[in-house]
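One structure is given here, and the rest of the page talks about it.
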Amino acid sequence: MTRHIFVNQESTNDNISIFYDEPSFIVVANRTDLPKINLLEESRKPGIYILMNESKRYVGQASGSIFSRIQQHDLNKKWWNKVIFFGREDGHLNKAQLDFIEATLINNFIQSEFELDNNTNGNRSYIDKLSKISATSLLSRIDETLREVANISLFDKILGESIEKRSSGYEHNVVFMGKKFANKSARKILLEVIKEIITSGYVNKLAPIISDSEPSTTKFLGTKTRVSANGTRLTNQIAGTPYYLYVTFSTEAIQKKLEIISQLTNQKIDINFKSDNIG
């Protein structure tokens, strides 16, 4: 089914972009655009908003006017410089759906490289099956539109060239599934550990971290390669498999991913990483 995505550059301010992908809308703006955001019809609808800077995120929801919530944060949060907010054009997002989307985003940011300013993991209210399917579909469309049209990835923090630095005299090492993996690159260890799981026939246990398309910082195993908007390759193919691994992580983040893998496979893991060595 063909999707029609319309992009509107707010006529009086080039810093505000609005994306329409029926039934959803997305607004991307700078903090300095608040007076103009207030004039947008979309800002008066219920939805989800994300406050952002280069290294930090905050996720919130509004069951009434999105703008009123953002305006409150303009007074009590000094660090953010950009906002993304989204919802449905018809305004039909109930409280359970807002809670579900907010909690999903918070959980994804917890697993990412960004600092999260939220004090809780969101609300865990009951959501019926149909509402959950609708909310999941909406969030998927939002993420896809941001990545493919706006060139914005919510969860990817592209690290600089320093990520390629190696310690000349130290090897990271991991013991997992009865094998020892050692390398100066933590990334290569992550790749080899996942390859071992796949070739051992346990790939089904990794389902929660597998994307059926491009991988990301949260679903870091996928079936397609991924390149950033500026042309940076973000994935490595796992040799002998159809999978691609998202690899642009710091050493600390790679350790967290290995711990997730240990939990998913119910296998003990012993991780020995030098903390100041970069992936």
Side-chain angles (χ1 to χ4, degrees), residues 100-101 103-114 116 121-122 124 129 132-133 135-137 139-144 147-148 153-159 163 172-183 185-228 232-273 278-279:
F100 174 78
I101 295 173
T104 299
L105 286 172
I106 289 173
N107 182 63
N108 286 341
F109 279 123
I110 288 172
Q111 298 178 53
S112 76
E113 291 280 283
F114 292 102
L116 189 63
N121 291 336
R124 296 288 179 179
K129 190 174 295 185
K132 186 174 182 179
I133 291 172
T136 301
S137 175
L139 186 54
S140 177
R141 293 174 81 94
I142 296 298
D143 182 52
E144 187 175 343
R147 286 193 290 108
E148 297 186 1
S153 181
L154 290 176
F155 310 110
D156 297 344
K157 183 178 179 182
I158 307 303
L159 303 179
I163 197 167
H172 300 298
N173 70 83
V174 167
V175 178
F176 180 71
M177 293 179 69
K179 293 188 176 183
K180 183 176 181 179
F181 304 85
N183 202 293
S185 167
R187 266 193 280 176
K188 289 183 179 178
I189 290 180
L190 177 62
L191 190 146
E192 289 301 318
V193 166
I194 292 181
K195 181 180 179 181
E196 178 67 21
I197 295 170
I198 295 172
T199 56
S200 298
Y202 298 115
V203 66
N204 60 308
K205 294 188 176 184
L206 300 180
I209 62 165
I210 297 178
S211 165
D212 58 6
S213 182
E214 298 176 357
S216 65
T217 55
T218 51
K219 291 197 171 187
F220 47 96
L221 199 59
T223 55
K224 294 182 180 180
T225 188
R226 183 165 182 183
V227 178
S228 72
T232 302
R233 184 165 59 91
L234 304 177
T235 55
N236 285 347
Q237 185 167 17
I238 301 175
T241 80
Y243 295 102
Y244 292 84
L245 176 67
Y246 189 97
V247 293
T248 314
F249 293 121
S250 66
T251 303
E252 181 182 12
I254 290 171
Q255 179 164 338
K256 291 179 181 179
K257 301 307 179 188
L258 288 168
E259 290 168 353
I260 290 171
I261 289 169
S262 173
Q263 294 170 4
L264 291 175
T265 58
N266 198 28
Q267 294 281 336
K268 182 181 177 181
I269 192 167
D270 184 15
I271 304 171
N272 298 287
F273 282 177
I278 305 298

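Below, each value reflects all heavy atoms present in this structure, side chains not excepted, and no hydrogens, waters or symmetry copies. Counting from 1, the numbers follow the sequence of the chain as shown.
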Rounded distance (nearest 0.5 Å) linking atom CG of Asn108 with atom CG of Leu154: 9.0 Å
Inspect the surroundings of CG in Asn204 and state if more than 12 heavy atoms from other residues, nucleotides or ligands are less than 6.0 Å away. yes
Taking C-beta and beyond as the side chain, do Leu105 and Leu139 meet within less than 4.5 Å on heavy atoms? yes
Do Asn107 and Asn121 have side chains that approach each other closer than 4.5 Å (heavy atoms only, starting at C-beta)? no
Is any side-chain heavy atom of Phe176 closer than 4.5 Å to a side-chain heavy atom of Glu196? no
Measure across Pro215 and Gly222 and return the closest heavy-atom pair with its distance rounded to 0.1 Å. CB-N, 3.7 Å
For a 4.5 angstrom cut-off between non-hydrogen side-chain atoms, does Asn183 reach Glu192? no
Could you check Ile197 against Leu264 for side-chain contact (heavy atoms from CB on, under 4.5 Å), going step by step and ending with a plain yes or no? CA-CA 11 Å; Ile197 295 170; Leu264 291 175; over 6 Å; no
When rounded to the nearest 0.5 angstrom, what distance separates CD1 in Ile110 from OG1 in Thr218? 12.0 Å
Closest approach of Ile106 and Leu116, non-hydrogen atoms and distance? CG2-CD2, 3.6 Å
Nearest 0.5 Å, what's the NZ-CG distance between Lys219 and Asp212? 7.5 Å
Heavy-atom side-chain proximity of Ile210 to Val203 below 4.5 angstrom: yes
Backbone of Thr241 reached by a side-chain donor or acceptor of Gln237 within 3.5 Å: yes
Are any side-chain N or O atoms of Ser262 and backbone N or O atoms of Gln267, one a donor and one an acceptor, separated by less than 3.5 Å? yes
Donor-acceptor under 3.5 Å (Ser112 side chain, Phe114 main chain): yes
Lys257 side, atom NZ; Ile271 side, atom CD1 - distance, nearest 0.5 Å: 12.5 Å
Taking every non-hydrogen atom, the tightest pair across Ala186 and Thr251: CB-CG2, 4.3 Å
Quick one, Tyr243 and Ile194 - any side-chain contact, counting heavy atoms below 4.5 Å? no
Are Thr265 and Met177 close enough that some pair of their side-chain heavy atoms sits under 4.5 Å apart? no
Rounding to 0.5 Å, atoms CG (Leu221) and OH (Tyr246) come to a distance of 14.0 Å
Side-chain donor or acceptor of Lys179 paired with backbone N/O of Val193 under 3.5 Å: no
Considering residues, nucleotides and ligands other than Asp270, do more than 12 of their heavy atoms fall under 6.0 Å from its CG? yes
Distance, nearest 0.5 Å, that separates CG of Asn266 from CD1 of Ile261: 14.0 Å
Give a yes or no answer on whether the side chain of Ser140 reaches the backbone of Ser137 with a donor-acceptor pair at less than 3.5 Å. no
Quick one: does Lys224's side chain have a donor or acceptor within less than 3.5 Å of a partner on Tyr244's backbone? no
Just so I know, are the side chains of Phe181 and Leu190 near enough to count as touching, which here means a heavy-atom distance under 4.5 Å? no
Quickly, which of Lys188, Arg187, Arg226 forms a side chain to side chain contact (heavy atoms under 4.5 Å, CB included) with Val247? Name it, please. Arg187
Would you sort out whether Gln111 and Ile260 count as a side-chain contact (heavy atoms from CB on, under 4.5 Å), showing the intermediate values? CA-CA 10 Å; Gln111 298 178 53; Ile260 290 171; 3.9 Å; yes
